Amino acid sequence: MAATDTVIEVRQLTKMYGRHLGVTNLTFDVHAGEVFGFLGPNGAGKTTTIRLLMGLLRPTSGSARIGGLDCWRDSTRVKRLVGYLPGEWTFDAGMTGAQILHYLGNLRGGVDRDELHRLIERLEFDPSKRFREYSHGSKQKIGLIQAFMHRPSLLILDEPTAGLDPLNQQEFYTMVEEVCAEGRTIFLSSHILAEAERTCDRVGIIREGELVTVDRIANLREIRSHTMTISFGAPASPDWFARLPGVLEVRPERGGLELHLNVQGELREVIRVAAEHAAVNVATSEPSLEEIFLRFYTQSRAPAAAGV
């Protein structure tokens, strides 16, 4: 792969299916050594984007490059660089898992047998069965093994934990950590926010084919609003807090003995005013990353950020 900090470069990428929109004006970068999560519900455009990156679809307009190579003009060279797990993984029903992995390894010019056996053991995969006999989870294991087995510089994984049991999910997360520790890069799509929070450095959130935001997971946490419940020994006035910086809402409960606040940003001023008015208890909670995600889907559309 070319020596560059930018592994994937996407600019104004658009795909139309006749009159129907696939994705529109996607612009983002993926940097070397990071795990980039591409998040959205089914039908949002995640798989379309990945197929464009892999040269399996041609765009209506825009560009995409991997390792400095054009994803369509240089698609054969791109495929040599990438470990790819498609969202729909299938193969010859009569071949065994071992035969499939041997065949795919040969297409790669051979793979390290020790690495292959290590992956088989880690994911507790039985290579002796025929493809038709495997459960969805076992088929997913074959897909993961063939994506990882040649130790690519870039892994592009479409819903990688689909069908895996919790133990294999944890093993996958460990594999991701190891890849990143070696300076390699992962681009993964997911609709599971806990998975993104566990694995990703940055995420792009896609909604109805449009990129809503690209940001670091840590920054998304920082923009979380806090829910506060402040208890008093006597009825309290919402006006004490309503004009403070970051206070979005104040709602009295229990005859004013409790105030429920929605606060974005720092809590210092809110806590100071609560203390001035002899609050007897202050409880705070933060929305999950999933609630942030849902907010991006319910708020009015805003221009997408191109990267961080």
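As the structure is a prediction and not an experimental result, all values here were calculated from the model.
- Of all the heavy atoms in C200 and I217, the pair that sits closest is O-CG1, 3.5 Å.
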Problem - Derivation and outcome, side-chain hydrogen bond (donor to acceptor under 3.5 Å, both in side chains), residues S190 and E195 - result: CA-CA 8 Å; S190 181; E195 183 170 283; 3.1 Å; yes
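- In this view, E9 satisfies the salt bridge (charged side-chain N to carboxylate O under 4.0 Å, His left out) rule with no residue, not counting sequence neighbours.
- In this structure, the side chain of T213 does not engage the main chain of I205 through any donor-acceptor pair within 3.5 Å.
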Practice task
Apply side-chain contact (heavy atoms from CB on, under 4.5 Å) to V179 and F148, showing your working.
Solution key: CA-CA 9 Å; V179 165; F148 278 79; 3.7 Å; yes
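- Remark: K15 is positioned above the aromatic ring of Y17, its terminal NZ or CZ atom under 6.0 angstrom from the ring centre and at most 45 degrees off the axis.
- For the side-chain contact (heavy atoms from CB on, under 4.5 Å) with L13, the lone residue among L211, T48, L26 that qualifies is L26.
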Problem - From CA spacing to verdict: side-chain contact (heavy atoms from CB on, under 4.5 Å), Y103, D92 - result: CA-CA 11 Å; Y103 172 77; D92 186 317; over 6 Å; no
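- Ring to ring, F232 and W240 are close: their centroids are under 6.0 angstrom apart.
- The two residues K141 and E124 make their nearest non-hydrogen contact at NZ-O, 3.3 Å.
- F125 meets the ring-ring contact (aromatic ring centres under 6.0 Å, His included) test with Y134; sequence neighbours excluded.
- Residues meeting the ring-ring contact (aromatic ring centres under 6.0 Å, His included) test with F36, sequence neighbours left out: F28, F187.
- Dense packing is recorded around NE2 of H277, with more than 12 heavy atoms of other residues, nucleotides or ligands lying under 6.0 Å away.
- For the pair R65 (side chain) and G68 (backbone), a donor-acceptor distance under 3.5 Å is present.
- Between A274 and I230, the closest heavy-atom pair is CB-CG2, 4.0 Å.
- To the nearest 0.5 Å, atom OG1 of residue T185 and atom CD1 of residue I8 are 8.0 Å apart.
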Exercise for the section: Show your reasoning for whether side-chain hydrogen bond (donor to acceptor under 3.5 Å, both in side chains) applies to Q12 and S61. Expected result: CA-CA 7 Å; Q12 300 298 312; S61 60; over 6 Å; no
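- Remark: the backbone N or O of S63 is not paired with any side-chain donor or acceptor of W72 at under 3.5 angstrom.
- Using a 3.5 Å distance cut-off with no hydrogens or angles, the side chains of D29 and T6 do not pair a donor with an acceptor.
- The closest donor-acceptor contact from the side chain of Q99 to the backbone of T96 lies under 3.5 Å.
- In the model, Q169 has no side-chain atom that pairs as donor or acceptor with a side-chain atom of T161 under 3.5 Å.
- Around the CZ atom of R251, the shell of radius 6.0 Å holds more than 12 heavy atoms that belong to other residues, nucleotides or ligands.
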